[in-house]
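Take a look at the structure set out below.
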Amino acid sequence: MRASDRAYGTLLEEIQSGRLAPGSVLGEVEQAARLGVSRTPLREAIGRLNADGLVAQVSPRVTVVTDIDRDDIRELFEVRRALEETAARLAAERGERGVFSDLAAELGAVNLDADAGREAYGVLIARFDAALDIAVANDYLTAALRTIRTHLVRVRRLSRENTTRLAASVTEHRLIASAIAAGDSDLAAHATHVHLHNALTNILASLPEGHS
């Protein structure tokens, strides 16, 4: 792995996990020493994070981690809705139906009562996203979706876990997968719209008190 990729991966994980909180200063000299890379690959890594919108440069040598507030989340979901509804529609038209039929069956068997079941659901959703990316066969669309998903990790960390909402999310994903498997593009897009509306409503309602 290149030094810049290693530095990018480490900083990305620290930002998404909250170990590097919003407002944290990423001094060039300090971060290069901490990560064990020279300043050139560090600049490359920070440049990628800047392009992702996860950091902002405040001086030639100082960068800070950006914040994410309610307005950011709403704007993120506006873009997410446009991209994911289109992706679901295209997947129903282009995807391998058997892949999504199998995913729908696995979603129907999810057990959220145990920690292992919740972890398995997270892995299953990652597989669903990967299958969606393959099905749409559009590099521009999947690249845009990857950027959105990068920010969603931070958003999900801000919101409190809601077991009722998690169960509803399983049902919603199963409907989307079933619609794609049936080749019903209208239902796939509509089910995605409903899922994202419910997800946004839950996230905004569950933000910590005082979060702008």
Side-chain angles (χ1 to χ4, degrees), residues 1 5 8-9 12-13 16-17 48 51-54 73 76-157 159 161-203:
M1 183 182 292
D5 292 336
Y8 172 80
L12 174 62
E13 192 279 329
Q16 289 179 326
S17 69
R48 289 172 63 185
D52 292 337
L54 296 173
I73 293 170
L76 180 68
F77 267 77
E78 287 175 359
V79 178
R80 185 186 181 193
R81 186 178 296 121
L83 293 174
E84 291 198 8
E85 287 181 28
T86 299
R89 186 178 295 279
L90 291 175
E93 296 170 359
R94 303 173 180 174
E96 291 188 30
R97 297 188 179 184
V99 171
F100 289 93
S101 178
D102 290 345
L103 285 167
E106 290 186 64
L107 285 161
V110 166
N111 180 3
L112 298 175
D113 293 335
D115 289 342
R118 290 190 288 272
E119 290 175 8
Y121 174 55
V123 172
L124 189 54
I125 292 306
R127 286 175 48 210
F128 177 89
D129 288 343
L132 198 67
D133 290 349
I134 292 169
V136 301
N138 184 318
D139 290 342
Y140 297 104
L141 180 56
T142 54
L145 281 169
R146 278 195 297 272
T147 299
I148 293 297
R149 290 167 188 157
T150 296
H151 289 277
L152 285 174
V153 176
R154 300 180 78 195
V155 171
R156 292 187 183 110
R157 184 179 53 77
S159 60
E161 185 177 274
N162 182 324
T163 53
T164 301
R165 172 59 204 149
L166 195 59
S169 180
V170 173
T171 301
E172 291 160 8
H173 272 106
R174 186 183 183 192
L175 178 57
I176 297 167
S178 297
I180 294 173
D184 191 334
S185 57
D186 287 338
L187 178 57
H190 178 69
T192 301
H193 178 90
V194 171
H195 167 65
L196 296 181
H197 170 79
N198 292 340
L200 175 60
T201 300
N202 177 73
I203 287 168

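Note that the numbering runs from 1 along the sequence shown for the chain. Since the structure is predicted, the reported quantities are computational estimates derived from the model, not experimental observations.
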Pair listing, side-chain hydrogen bond (donor to acceptor under 3.5 Å, both in side chains) test, anchored in residues 182-199, at least two apart: Glu85-His193, Arg89-Asp186, Arg165-His195, Glu172-His195, Glu172-Asn198

Pairs meeting criterion side-chain hydrogen bond (donor to acceptor under 3.5 Å, both in side chains) with involvement of residues 120-135, two or more places apart: Glu106-Arg127, Tyr121-Ser169, Tyr121-His173, Asp133-Arg149

Do [X] and [Y] come within less than 4.5 Å of each other through their side chains, counting heavy atoms only?
X: His151; Y: Ile73; value: no
X: Thr142; Y: Arg146; value: yes
X: Leu175; Y: Leu187; value: yes

Pair Phe100-Ile176, side chain to side chain contact (heavy atoms under 4.5 Å, CB included): steps then yes or no: CA-CA 9 Å; Phe100 289 93; Ile176 297 167; over 6 Å; no

Closest heavy-atom contact between [X] and [Y]?
X: Val170; Y: Leu107; answer: CG1-O, 3.4 Å
X: Ala179; Y: Ala92; answer: O-CB, 4.4 Å
X: Arg118; Y: Leu112; answer: NH1-O, 2.7 Å
X: Ala88; Y: Ile180; answer: O-CG1, 3.9 Å
X: Ala181; Y: Ser101; answer: CB-N, 3.6 Å
X: Ala91; Y: Val136; answer: N-CG1, 4.3 Å

Glu93, CD atom: more than 12 neighbouring heavy atoms under 6.0 Å: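 Counting other residues, nucleotides and ligands, CD of Glu93 exceeds 12 neighbours.
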
Which residues pass the salt bridge (charged side-chain N to carboxylate O under 4.0 Å, His left out) test with [X], sequence neighbours left out?
X: Asp113; result: none
X: Arg97; result: none
X: Arg80; result: Glu84

Nearest-0.5 Å distance that lies between atom OH in Tyr140 and atom CG in Leu145: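 Reported to 0.5 Å precision, the distance equals 15.0 Å.
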
Set of side-chain hydrogen bond (donor to acceptor under 3.5 Å, both in side chains) partners for Asp52, sequence neighbours left out: Tyr8

